[in-house]
Amino acid sequence: MQVAAKLEEINRKIEHACLKSNRSIEEITLIGVTKYVTIERTEEAIQAGVHHIGENRLEGFREKYDHFQGMDLKWHFIGTLQSRKVKDIIHQVDVIHSLDRLSLAKEINKRAQQTVDCFIQVNVSKEESKHGLSPEEVLPFLEKLGDHQKIQVVGLMTMAPHTEDETVVRQVFKRLAELKEKVQEKGYEHAPCTYLSMGMSNDYEVAIEEGATHIRIGSKLVG
């Protein structure tokens, strides 16, 4: 199936999830995750109407950024980011979805020439295979970020477990939404925490129903 047809199908499901949860489709940002596909396949996604591109590897990010430079795109780095690699992407990336430690925050703050939008990655399910802060660590971490002027925490990000049990998946997304509200209650100037980056190809509809604003779609969109 062509990317345009896949995108049309995804948009129908997004609309249905929004109707089901009394939300507007305008609240949802679809990030096309192109980490496993070619430049040609990425170009097909862009031509179909995808303007937010997500990469999780430095090499893939640089290759695609350089190729599509000058186009009206927003670049999201969604993978684990090593502190020593920050310098290689910091002037090209628009949003980082994987801020999860102070050493990374310090490097972003040191290297950035302007404010960088960041999501704090939260390991809600507490799986050993996943990166991110535990929910209990988020507020203390945010307190420490107050003097990092180049970092704006726009939201929280998580990944649900790979399971067919929708109840488990929904509970993870619900907990992240509750945590976002706790952060917002603090009124941090450096952390408005407006957004929730959660939901991928296998669970984005549930994520939208639970408050996702940014969904990261790879395989269902570009293969």
Side-chain angles (χ1 to χ4, degrees), residues 29-43 45-46 50-123 129-134 137-159 183 188-198 200 213-218 222:
T29 297
L30 188 155
I31 301 165
V33 179
T34 58
K35 59 185 180 180
Y36 296 127
V37 301
T38 61
I39 281 173
E40 290 73 26
R41 191 68 164 170
T42 304
E43 190 162 10
I46 293 166
V50 176
H51 299 294
H52 292 258
I53 306 295
E55 278 287 332
N56 75 333
R57 293 179 306 109
L58 179 67
E59 297 76 15
F61 174 85
R62 289 307 308 248
E63 179 190 24
K64 293 188 175 84
Y65 179 87
D66 289 345
H67 183 84
F68 295 109
Q69 199 166 355
M71 293 185 70
D72 183 23
L73 301 171
K74 194 152 190 175
W75 294 91
H76 299 252
F77 195 85
I78 60 174
T80 301
L81 182 57
Q82 294 175 297
S83 298
R84 63 187 177 88
K85 299 289 189 181
V86 167
K87 66 182 186 299
D88 299 319
I89 67 161
I90 197 62
H91 303 310
Q92 290 79 36
V93 72
D94 292 295
V95 189
I96 294 171
H97 287 245
S98 48
L99 178 57
D100 63 354
R101 59 198 186 280
L102 204 56
S103 58
L104 177 58
K106 286 178 177 175
E107 193 66 18
I108 293 169
N109 197 62
K110 181 173 84 173
R111 300 280 182 180
Q113 293 174 349
Q114 55 194 28
T115 306
V116 181
D117 288 346
C118 296
F119 285 86
I120 291 180
Q121 184 168 350
V122 188
N123 186 357
S129 60
K130 288 188 169 66
H131 293 274
L133 299 171
S134 70
E137 292 173 315
V138 171
L139 287 175
F141 181 64
L142 279 168
E143 293 282 352
K144 293 173 184 172
L145 290 183
D147 58 352
H148 293 62
Q149 290 85 4
K150 299 289 176 61
I151 291 177
Q152 182 83 345
V153 178
V154 296
L156 305 177
M157 182 274 251
T158 200
M159 290 179 280
V183 174
Y188 295 122
E189 193 174 333
H190 65 285
C193 209
T194 314
Y195 303 126
L196 288 172
S197 173
M198 58 188 196
M200 299 191 290
T213 59
H214 292 63
I215 56 173
R216 311 178 303 272
I217 312 291
V222 292

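None of the values given here were measured: they were computed from a predicted structure.
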Over all heavy atoms of both residues, which pair between [X] and [Y] is shortest? Give the atoms and the distance, please.
X	Y	answer
L139	Y188	O-OH, 4.0 Å
H76	I31	ND1-CD1, 3.6 Å
T115	I151	CG2-C, 4.3 Å
H52	L30	CB-O, 3.5 Å
K64	V37	NZ-O, 3.1 Å
F68	T42	CE1-CG2, 3.7 Å

So, taking the atom named [atom1] in [X] and the one named [atom2] in [Y], what distance separates them when rounded to the nearest 0.5 Å?
X	Y	atom1	atom2	result
I96	D117	CD1	CG	9.5 Å
N56	T34	CG	OG1	9.0 Å
E137	K144	CD	NZ	8.5 Å
Q152	F119	CD	CZ	11.5 Å
N109	I90	CG	CD1	9.5 Å
I53	Y65	CD1	OH	13.0 Å

Using side-chain heavy atoms (C-beta onward) and a distance below 4.5 Å, is [X] in contact with [Y]?
X	Y	value
L145	L102	yes
V116	K150	no
Q92	R62	yes

Candidate pair R216 and M159, rule side chain to side chain contact (heavy atoms under 4.5 Å, CB included), full reasoning
CA-CA 10 Å; R216 311 178 303 272; M159 290 179 280; 3.3 Å; yes

For W75 and F61, take the angle between the two ring planes, folded into 0 to 90°, and tell me which bin it lands in: parallel under 30, tilted 30 to 60, perpendicular over 60.
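Answer is perpendicular, since the angle exceeds 60°.
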
Crowded around [X] [atom1]? As in, over 12 foreign heavy atoms under 6.0 Å?
X	atom1	value
D147	CG	yes
K106	NZ	no
E189	CD	no

Could you give me the CA-CA distance, side-chain angles and deciding distance for L99 and L81, then say whether side chain to side chain contact (heavy atoms under 4.5 Å, CB included) is met?
CA-CA 8 Å; L99 178 57; L81 182 57; over 6 Å; no

Examine distances only and state if a side-chain atom of Q121 and a backbone atom of H131 form a donor-acceptor pair shorter than 3.5 Å.
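Checking the backbone N and O of H131 against the side chain of Q121, a donor-acceptor pair under 3.5 Å is found.
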
May I ask you to decide if K87's main-chain N or O and R111's side chain share a donor-acceptor pair within less than 3.5 Å?
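Not a single qualifying donor-acceptor pair exists.
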
Going through the distances and angles, do T158 and L156 end up as a side chain to side chain contact (heavy atoms under 4.5 Å, CB included)?
CA-CA 7 Å; T158 200; L156 305 177; over 6 Å; no

Assess, by modelled atom type and distance only, whether the side chains of H148 and H190 contain a donor and an acceptor separated by less than 3.5 Å.
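Their side chains do not contain a donor-acceptor pair, so the 3.5 Å distance test is not met.
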
Side chains of H97 and S197: do they bring a donor and an acceptor to under 3.5 Å?
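The answer is yes; a qualifying pair exists.
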
Go through T194 and T213 one step at a time and tell me if the side chain to side chain contact (heavy atoms under 4.5 Å, CB included) criterion holds.
CA-CA 9 Å; T194 314; T213 59; over 6 Å; no

